[in-house]
Number of protein chains: 2
Amino acid sequence: MEIPPVVIDRLPLYTRALSTLEEEGRDVVSSQELGTLLGVTPAQIRKDLSYFGRFGKQGRGYNVRKLLDELHHILGLDRQWRMAVIGVGKLGLAILGYEGFGPQGFRIVEAFDADPKRIGQRIENLTIRAANDLEKTLLKNPVDVGIVAVPAGIAQNVIDTLVKCGVRAILSYAPIPARVPPGVYLKRIEPVLALQSMAYYLKNSPRSTAAAARS
Amino acid sequence: MEIPPVVIDRLPLYTRALSTLEEEGRDVVSSQELGTLLGVTPAQIRKDLSYFGRFGKQGRGYNVRKLLDELHHILGLDRQWRMAVIGVGKLGLAILGYEGFGPQGFRIVEAFDADPKRIGQRIENLTIRAANDLEKTLLKNPVDVGIVAVPAGIAQNVIDTLVKCGVRAILSYAPIPARVPPGVYLKRIEPVLALQSMAYYLKNSPRSTAAAARS
DNA sequence: AAGGGTTTGTGCTCACAATTACAAACCTTC
DNA sequence: GAAGGTTTGTAATTGTGAGCACAAACCCTT
Ligand SMILES: NC(=O)c1ccc[n+]([C@@H]2O[C@H](COP(=O)([O-])OP(=O)(O)OC[C@H]3O[C@@H](n4cnc5c(N)ncnc54)[C@H](O)[C@@H]3O)[C@@H](O)[C@H]2O)c1
Ligand SMILES: NC(=O)c1ccc[n+]([C@@H]2O[C@H](COP(=O)([O-])OP(=O)(O)OC[C@H]3O[C@@H](n4cnc5c(N)ncnc54)[C@H](O)[C@@H]3O)[C@@H](O)[C@H]2O)c1
């Protein structure tokens, strides 16, 4: 059975809401409540979950702890993922210092830069390696994910190198339409594109039309 | 006529490719070439553009300069947009220092933080203001876009304040399912969700299955 | 000026995703 | 233990977007 990518994209949303509920001590939650919490219809949630099994109880809802465990297992969040950051400039520094990855099982274990002033620096328990050593290091010590935060001009090059080293998931902050071979997964973070599409709505709504932009 | 949001989301992609082509001195481009450049089918591009008019010439293609101007006009990129950054921490600093916004007409004109050590600092020709002055400042000196880079816990609060100040477009980096009233546009940057959905594919492909994740 | 080679714009079809709607299952209370 | 009130899981329907295919339009060459 083939699961639609949109469904996979929503599952992490559900896990995050469930984590919050669990921290609040909640035992069960209905698709209704989860829906209003996330801005998604209850039927959507039920249908998405039904791709993977039957996790709820009629008349009652979903056991928060149980559903969270199931989703963690489905998404592969019940293990550690090793990541490398390429490009430790202004943005790379913020990424290295971000405390949101670790608790979700995503650990940054390598960082690379081309600037001689950066190479060798210790940041967040990590020693910045030379960009020249990227291939050698990753071949010896593989990572699951590559985070690309280098200037646009060399991003495709870096991505190609990552692919050659067997990296199969890439998170790219570079503003280019990067290409990867099939079997490699790429997600782009594109704040400028997001702003540009919102500009359209700003321009074309006389101060208060309905119909919010997809987020 | 109502234009599908997905179409609006693709237009900025086209403008970026066209800009590159223009810098290379190209005069005309076909939907075919633009398509392979962006990983989109030519028919998709033609259909998207046809929502707004007839910009090409049969047998020839699109005039790069002309199409770029048209798209800039359609998206509202032929003017300056004023932005405020809320939260000048690790990420906020990278945003303030990012040179990718200006050339596209998005100018950061205000920055706010709650940390006394940050308030008053001059960064990139900007003086960091106190978070307490957010409402007062924006009411006197409105901005078009708010960029939210504060901790998750207070993000909804900041967003509510922005909305109250008449901000109608918000780019949020906070990992929360923020809600805004209709007529306000919100886009979220969510690296963790992107990683989590890629984890699913990493886990469920025996090292080389086709079907790349939507990016 | 005619013909061959391109490429656009768009009606039509197909695929897929969201929503609706309801029977089945469950809990609680009396 | 029966009745009333919830909520799930899913079959069926609706809605929407992507791709196909082709006539019309254009360029260039001879
Ligand atoms: N700063 C932001 O908020 C932001 C936002 C969106 C996108 N981006 C994108 O992220 C990327 C980085 O942005 P930034 O603001 O950090 O720029 P930056 O110039 O501060 O950092 C780039 C870093 O990459 C390093 N580098 C150059 N070549 C390299 C190589 N071959 N291997 C490894 N490292 C190399 C440089 O030494 C530098 O430290 C850019 O593509 C930018 O467009 C940044
Ligand atoms: N660093 C990253 O790469 C990254 C990536 C994705 C998401 N985020 C998100 O971006 C946000 C900021 O992350 P960060 O790493 O910069 O954290 P940070 O702690 O370095 O920065 C947060 C800043 O917000 C300021 N602040 C607190 N309350 C405020 C208020 N009421 N008004 C204005 N400013 C206030 C703090 O003083 C601090 O300077 C968080 O929500 C985080 O989850 C960060």
Side-chain angles (χ1 to χ4, degrees), chain A residues 1-11 13-14 17-18 21 26-68 70-71 74 197 200 210-215, chain B residues 1-11 13-14 17-18 21 26-68 70-71 74 197 200 210-215:
Chain A
M1 189 198 358
E2 203 55 62
I3 287 126
V6 262
V7 173
I8 304 300
D9 282 347
R10 275 191 298 264
L11 296 188
L13 226 59
Y14 303 159
L18 287 166
L21 287 170
R26 290 290 303 279
D27 266 356
V28 291
V29 66
S30 66
S31 58
Q32 170 76 53
E33 183 180 3
L34 205 52
T36 49
L37 219 52
L38 289 170
V40 174
T41 65
Q44 178 93 268
I45 295 175
R46 294 203 298 276
K47 183 139 201 218
D48 287 349
L49 296 178
S50 78
Y51 279 103
F52 302 95
R54 312 166 56 134
F55 307 121
K57 273 204 173 51
Q58 281 103 326
R60 194 158 163 69
Y62 299 89
N63 179 301
V64 173
R65 171 86 250 161
K66 176 165 175 290
L67 183 54
L68 192 50
E70 292 282 2
L71 286 176
I74 291 166
S197 61
Y200 171 83
R214 288 186 333 146
S215 64
Chain B
M1 190 198 358
E2 203 54 62
I3 288 126
V6 261
V7 173
I8 304 299
D9 282 347
R10 275 191 299 265
L11 297 187
L13 226 58
Y14 303 158
L18 287 167
L21 287 169
R26 290 289 303 280
D27 266 357
V28 291
V29 65
S30 65
S31 59
Q32 170 75 52
E33 183 180 2
L34 205 53
T36 50
L37 220 52
L38 289 170
V40 174
T41 65
Q44 177 93 269
I45 295 176
R46 294 202 298 275
K47 188 135 197 227
D48 286 351
L49 296 177
S50 78
Y51 279 103
F52 302 95
R54 311 166 58 132
F55 307 122
K57 273 204 174 48
Q58 281 104 325
R60 195 158 162 70
Y62 299 88
N63 180 300
V64 172
R65 172 85 249 161
K66 176 165 176 290
L67 183 54
L68 192 50
E70 292 282 2
L71 285 175
I74 291 165
S197 61
Y200 171 83
R214 289 187 333 148
S215 65

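Residue numbering restarts at 1 for every chain, and letters A, B, ... go by the order of the sequence lines. Heavy atoms only: backbone and side chains are in, while hydrogens, waters and symmetry mates are out.
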Exercise. Can you check the A/Phe52 CZ to D/dT10 P distance for me, whole Å?
Worked result: 13 Å
Exercise. Is a donor-acceptor pair below 3.5 Å formed from side chain B/Lys47 to base C/dG9, judging by atom type as modelled?
Worked result: no
Exercise. Given D/dT10, is OP1 or OP2 found less than 4.0 Å from the side-chain N or O atoms of A/Arg54?
Worked result: yes
Problem set entry | Closest-nucleotide 5' rank along DNA chain C - winner of B/Gln32 and A/Pro4 | B/Gln32
Problem set entry | Distance, nearest 0.5 Å, that separates CD of B/Glu33 from CZ of B/Arg26 | 4.0 Å
For this session: Return no unless some side-chain N or O of A/Ser31 is found under 4.0 Å from OP1 or OP2 of D/dT8.
Result: yes
For this session: Could you check which of C/dA25, C/dT10, C/dA17 has an atom nearest any side-chain atom of A/Val6?
Result: C/dA17
Exercise. With a 4.5 Å limit on heavy-atom distance, are the side chains of B/Leu11 and A/Tyr200 in contact?
Worked result: no
Problem set entry | Rounded interatomic separation in angstrom, taking CG from A/Leu49 and P from D/dT10 | 11 Å
For this session: Give the rounded distance in Å between these two atoms: OH of A/Tyr51 and C1' of D/dA11.
Result: 13 Å
Exercise. Could you give the CG-to-C1' distance, from B/Asn63 to C/dT7, as a whole number of Å?
Worked result: 15 Å
Problem set entry | B/Thr41 side-chain proximity, nearest of C/dG9, D/dG17, D/dG19 | D/dG19
Problem set entry | Which nucleotide in C/dT20, D/dA25, C/dC27 has an atom nearest any side-chain atom of A/Lys57 | C/dC27
Problem set entry | A/Arg60 CZ to C/dT29 P, straight-line distance once rounded to whole Å | 12 Å
Exercise. Does B/Tyr62 have a side-chain nitrogen or oxygen under 4.0 Å from the phosphate oxygens OP1 or OP2 of C/dG9?
Worked result: yes
Problem set entry | Inter-residue atom distance A/Leu13.CG - A/Leu18.CG, 0.5 Å rounding | 10.5 Å
Seminar exercise, completed: B/Asp48 atom CG is separated from C/dT8 atom P, nearest whole Å, by 14 Å
For this session: Among D/dT8, C/dT8, D/dA18, find the nucleotide with the atom closest to the side chain of B/Arg10.
Result: D/dA18
Problem set entry | Within-4.5 Å side-chain heavy-atom neighbours: A/Leu67 and A/Leu49 | yes
Exercise. Rounding to a whole Å, what distance do you find between B/Phe55:CZ and C/dT10:C1'?
Worked result: 15 Å
Exercise. CD1 of B/Ile45 versus C1' of C/dT7: gap in Å, rounded?
Worked result: 13 Å
For this session: Describe the nucleic acid contact of B/Arg46 in one word from base, sugar-phosphate, nothing, applying a heavy-atom distance below 4.0 Å.
Result: base
Exercise. OP1 or OP2 of D/dA18 sitting under 4.0 Å from any side-chain N/O of B/Gln44?
Worked result: yes
Problem set entry | CG on A/Leu71 to CZ on A/Phe52, rounded to 0.5 Å | 8.5 Å
